[in-house]
Amino acid sequence: MTADKPLRIATWNINSVRARLPLLERFLADYAPDVLCLQEIKVETASFPRAWFADRGYPHMAIHGQRNHHGVATLSHQPLFDIETRDWCGMGDARHVATALSSGIVIHNFYVPAGGDVPDPEANPRFAHKLAFLDEMVAWSRKLSGPAILLGDLNVAPLETDVWSHRQLLKVVSHTPPETTRLAALADSHGWVDAMRHFVPPEQKLFTWWSYRARDWRASNRGRRLDHVWVSPELAPGLRAMAVLADARGWERPSDHAPVLVDIAPV
DNA sequence: ATGGTTGGGGGCCAA
């Protein structure tokens, strides 16, 4: 019976891990994912609160942090193997960490560049970097083999229903055609299955991020789906459940992103 | 068309 117990995996752009420990306390107590993937930890690897997570049942950690910005971390109940990172676009940013579970599943935890405000690669080097990063992901993904999960803050809302207004966001970074076509190419490159849309039909709006700048984020609900969980084709039959914990966006001192949980049974 | 908020780090930048 424990043999078919689903793996519960969570992804959450935490927007500073040190500022969100009270949030994480509540989340781990209530939802107890087996594996927790964080983005935007905003701390150097050496200063990551390792003891805090170990005390709460997550002694296995793959931390890839940097001072000030970005940074990803994968925390686990079970041992992690083959921890790898890679210098995407030669920028030296901490935006990806790969880990393997004993089952052989490889988890790729990503923080894709946000891309700045102006959706023009000529005028805005941040946007050029974002497009180059996505292009590099497509080439990389083609060469993958074996069971894998690609998740994290991809900073792109690919479907019309992944934003509060498709028409009004077509020229807003995160939902422009150069970004959404690249995300579709990335999905195609390995036959990735969108685990969130596996459960929620594309006609239905689905968001994981709400701006801090809204007067009342819940009432205006001008959200976007920037966070994603994709599984390689062989894992898709194991998909059991998915939840976006929008409530966590309303907890005290929240991240602007909500956590996403996916349960995957062994296949 | 603009401004709205947050965190990090050190007096603004990125999101």
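The sequence lines fix the lettering, A, B, ..., with proteins before strands; numbering per chain opens at 1. Just the heavy atoms: all of them, side chains too, but no hydrogens, waters or symmetry mates, feed the values below. Keep in mind that this is a model prediction, so the values were computed, not measured.
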Distance between C1' atoms of B:dA1 and B:dC12 (Å, rounded) = 23 Å
Give a yes or no on whether the backbone of A:Leu154 and the side-chain of A:Asp227 come within a donor-acceptor separation of less than 3.5 Å.
-> no
Closest-nucleotide ordering on DNA chain B, the 5'-leading residue of A:His70 and A:Pro254 | A:Pro254
In chain order, what residues pass the side chain to side chain contact (heavy atoms under 4.5 Å, CB included) check against A:Thr176, with sequence neighbours excluded?
-> A:Pro119, A:Phe127, A:Pro178, A:Glu179
Which value, in whole Å, describes the distance between the C1' atoms of nucleotides B:dG9 and B:dA15?
-> 16 Å
Spacing of the C1' atoms in B:dG11 and B:dG7 (rounded, Å) = 14 Å
When you measure from the side chain of A:His228 to the backbone N and O of A:Val156, does any donor-acceptor pair fall under 3.5 Å?
-> yes
Got a sec? Which of residues 213-229 of chain A come in under 4.0 Å of DNA chain B, heavy atoms?
-> A:Arg213
For A:Thr161, check side chain to side chain donor-acceptor pair (under 3.5 Å) against everything at least two apart and list the hits.
-> A:Arg197
Backbone N/O of A:Glu25 and side chain of A:Arg56: donor-acceptor pair under 3.5 Å = no
If you take all heavy atoms of A:Ala157 and A:Leu226, which pair is closest and at what distance?
-> N-CD2, 4.1 Å
Side-chain donor-acceptor pairs under 3.5 Å in residues 88-95 of chain A, sequence neighbours left out?
residue, atom, partner, partner atom, Å
A:Trp88, NE1, A:His96, ND1, 3.2
A:Asp93, OD2, A:Arg95, NE, 3.1
A:Arg95, NH1, A:Tyr111, O, 3.2
A:Arg95, NH2, A:His70, ND1, 3.4
A:Arg95, NH2, A:His70, NE2, 3.3

Does the distance from a Lys or Arg side-chain N to an Asp or Glu carboxylate O, for A:Glu160 and A:Arg167, drop under 4.0 Å?
-> no
Report whether A:Val260 and A:Ile107 are members of the same hydrophobic cluster (ILVMFWY, side-chain heavy atoms less than 4.5 Å apart, transitive linking).
-> yes
DNA chain B: 5'-proximal contact among A:His257 and A:Asn15 (nearest heavy atom) | A:Asn15
Contact boundaries on DNA chain B for chain A, cut-off under 4.0 Å to non-hydrogen atoms | B:dG4 to B:dA15
Could you tell me which non-hydrogen atom of A:Trp52 sits nearest to which non-hydrogen atom of A:Leu24, and how far apart they are?
-> CH2-CB, 3.7 Å
Within residues 153-171 of chain A: residues closer than 4.0 Å to DNA chain B (heavy atoms) = none
Pick the C1' atom in B:dA14 and in B:dG10, then give their distance to the nearest Å.
-> 15 Å
Salt bridge A:Arg182-A:Asp135, side-chain N to carboxylate O under 4.0 Å = yes
